[in-house]
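Whatever order the structure lists them in is the order used to number ligands and atoms, beginning at 1.
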Amino acid sequence: MKDKKITIAIDGYSSCGKSTYAKAIAQRLNYIYIDSGAMYRAVTLACIRAGVANDSGVDEDRLPELLHSLKVGFVPNQSGTGWLTTLNNEVVENEIRTLEVSNLVSPVSAIAMVRSKMTQQQQEMGKQKGIVMDGRDIGTVVFPDAELKIFMTADPVIRAKRRLKEMESKGQNATLEEVLENIEQRDHIDRNREVAPLRQANDAIVLDNSNMTVEQQMEWFQKLYNHITKR
Ligand code: DC
């Protein structure tokens, strides 16, 4: 398989550093990186803006119309080193990372209609291979034939601390308790939903990065990649 482009699926719990990791891998291999969670977040933002989702739930009767007219995409960032998420051609990269969206994204993404639209779009993006996609169901549903699957996990408190730091660096306020509660709630919904629940694919390799630096994780990845591509 030397030099042949492959598909890399990275799944796992909320705030495990999947996106940072997937981005670094894509950069190293010169692959395309797609953050599938950003797509679900953009749909959730659209639902909030249209009053289709709020703390009391999601109005599923109004969803088909909203989904029909909704376009989620990505545009390159200014430095050309990554992507910014767009909703109907508007850049919403910051808006989709707020706690309000984080609190509603799991219920919205548990709905079959939402998943089917996003899954189709993700599979289309992966047709050319040479892609790293991170999410919850990439190795199980979106790319079940991916050559390399990683399932990421880490201690919830460590995850909450990392997420809080990231939010603070963007000027967003929250307490550790709020962030931890959100993470645990999302893990629960993502794991227990009926359609495409978060679970480790049979052929995925587990990476618990609770006590690992990014460099150590990259070293771990390189060994795995070399083994899989027989370098
Ligand atoms: O990766 P993230 O935390 O930004 O994802 C936000 C939410 O989107 C997550 O709680 C569940 C949902 N999601 C999903 O259901 N399937 C995916 N492939 C990716 C994300």
Side-chain angles (χ1 to χ4, degrees), residues 7-23 25-26 33-48 53 58 63 67 72 74 82-85 87 92-126 131-144 146 149-154 156 159-160 162-164 166-167 170 172 174 178-201 204 207 209:
T7 300
I8 301 177
I10 303 186
D11 290 302
Y13 294 100
S14 293
S15 302
C16 269
K18 294 187 299 292
S19 303
T20 311
Y21 196 41
K23 220 179 281 176
I25 291 171
Y33 161 63
I34 301 290
D35 174 356
S36 73
M39 298 171 70
Y40 288 99
R41 286 173 179 273
V43 175
T44 304
L45 180 66
C47 289
I48 294 171
V58 184
L63 253 185
L67 284 177
V72 174
F74 297 97
W83 304 102
L84 300 173
T85 313
L87 174 62
V92 290
E93 192 55 42
N94 289 333
E95 290 83 347
I96 62 169
R97 310 281 169 197
T98 60
L99 204 53
E100 187 189 15
V101 170
S102 295
N103 280 333
L104 288 169
V105 65
S106 281
V108 169
S109 53
I111 298 168
M113 213 186 316
V114 172
R115 301 211 70 80
S116 120
K117 180 163 172 139
M118 292 301 107
T119 302
Q120 259 175 24
Q121 197 177 334
Q122 289 153 6
Q123 288 173 335
E124 200 58 43
M125 289 166 163
I131 189 169
V132 186
M133 191 178 286
D134 77 313
R136 304 294 188 289
D137 62 340
I138 311 305
T140 50
V141 175
V142 180
F143 301 131
K149 299 180 186 177
I150 298 172
F151 190 83
M152 288 177 76
T153 180
R159 289 192 269 145
R162 289 180 188 156
R163 178 92 186 100
L164 184 63
E166 186 189 325
M167 289 175 74
K170 289 181 186 158
Q172 295 173 0
E178 277 172 334
V179 177
L180 182 61
E181 191 184 324
N182 171 261
I183 285 178
E184 288 180 331
Q185 207 167 38
R186 281 201 286 151
D187 284 351
H188 181 78
I189 302 177
D190 296 347
R191 257 203 328 237
N192 293 292
R193 69 180 171 222
E194 270 178 39
V195 194
L198 166 66
R199 64 174 179 81
Q200 184 191 333
L207 171 65
N209 70 3

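Considering only residues two or more places apart in sequence or on other chains, Tyr33 meets the side-chain hydrogen bond (donor to acceptor under 3.5 Å, both in side chains) condition with Ser19, Asp134.
Side chains of Arg186 and Val105 form a contact here, defined as non-hydrogen atoms less than 4.5 Å apart. Considering only heavy atoms from C-beta on, Ser36 stays 4.5 Å or farther from Thr119 through its side chain.
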Tabulated below should be the N or O atoms of ligand 1 paired with protein N or O atoms at under 3.5 Å; can you produce that?
unit_1	atom_1	unit_2	atom_2	d
ligand 1	1 (O)	Arg136	NH1	3.0
ligand 1	3 (O)	Arg136	NH2	3.0
ligand 1	3 (O)	Arg186	NH1	2.8
ligand 1	4 (O)	Arg41	NE	2.7
ligand 1	4 (O)	Arg41	NH2	3.4
ligand 1	10 (O)	Ser106	OG	3.2
ligand 1	10 (O)	Arg136	NH2	3.4
ligand 1	10 (O)	Arg186	NH1	3.2
ligand 1	10 (O)	Asp190	OD2	3.0
ligand 1	15 (O)	Arg115	NH1	2.8
ligand 1	15 (O)	Arg115	NH2	3.4
ligand 1	15 (O)	Arg193	NH1	2.8
ligand 1	15 (O)	Arg193	NH2	3.2
ligand 1	16 (N)	Arg115	NH2	2.9
ligand 1	18 (N)	Ser36	OG	3.0
ligand 1	18 (N)	Arg136	N	3.1
ligand 1	18 (N)	Asp137	OD1	2.8

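The two residues Ser102 and Arg163 come nearest to each other via the heavy atoms OG-NH2, 4.0 Å.
A salt bridge links Arg159 with Asp187; the closest basic N to acidic carboxylate O contact falls under 4.0 Å. Using a cut-off of 4.0 Å between Lys/Arg side-chain N and Asp/Glu carboxylate O, Glu166 and Lys170 are scored as salt-bridged.
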